[in-house]
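Values in this document were obtained by computation on a predicted structure and should not be read as measured data. Every number for a ligand or one of its atoms is a count from 1 in the order of the listing. All residue numbers in this chain count up from 1 along the given sequence.
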Amino acid sequence: MKPELATAFNKEMTDARMAWTARDLSTCFRSLERAHILGQRNLWPHILTHGWMLRVGWARCDYREVVGQILRLIATLPGALFGWVPEGNTGGANVSALKPMPVPDEFKPYFAKNSMLKGMLLRVLIISVIMVLMI
Ligand SMILES: [Fe+2]
């Protein structure tokens, strides 16, 4: 994760944790959605945001969210390997996990330099290494 993207992601996660501490679950979830947009191309930040969304869903007794987040947590690894990362997706169970969504204007600079080809080549390399290790 590039440093400027990591800084923006960490700010949203800090905001989410502060809202969690204040028991403001709506604000917490909104910050997690913003963190998801920023972090979903990186495996650990992606897992972290869905884990926190699961926690918020559980605290709200929102079992649709809980089930949705468990499914999204399971999908993070194949998503990272195969590039199933819809740009701008907010990550909540209220939207399809495969639906691209508009990226907020303030986040657009973080995605301007993204190279789809570079990402695909990296994934092919990772899958190749895994296949070689399995032989
Ligand atoms: Fe996600």
Separation of E106 CD from L38 CG (nearest 0.5 Å):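 If I round to the nearest 0.5 Å, the distance is 9.0 Å.
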Rounded distance (nearest 0.5 Å) linking atom CE of M1 with atom OG1 of T7: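 Output value for this atom pair is 10.0 Å.
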Residue and atom names of protein N/O/S atoms that fall under 2.8 Å from the Fe ion (ligand 1):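 Sorted hits: H36 NE2, H46 NE2, H50 NE2.
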Listed pairs under 3.5 Å, donor-acceptor, residues 53-62 side chains, sequence neighbours left out:
| from | atom 1 | to | atom 2 | distance (Å) |
| --- | --- | --- | --- | --- |
| R60 | NH2 | L25 | O | 3.3 |
| D62 | OD1 | R64 | N | 3.3 |
| D62 | OD1 | E65 | N | 3.1 |

Distance-only, no hydrogens or angles: does the N89 side chain make a donor-acceptor pair with backbone N or O of K99 under 3.5 Å?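 Indeed, once roles are kept as given, a pair shorter than 3.5 Å links the two residues.
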Checking N42 side chain against W44 main chain: does a donor-acceptor pair fall under 3.5 Å?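 Not a single qualifying donor-acceptor pair exists.
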Regarding H46 and Q40, is there a side-chain donor-to-acceptor distance under 3.5 Å anywhere?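 Per modelled atom types, H46 and Q40 side chains form no pair under 3.5 Å.
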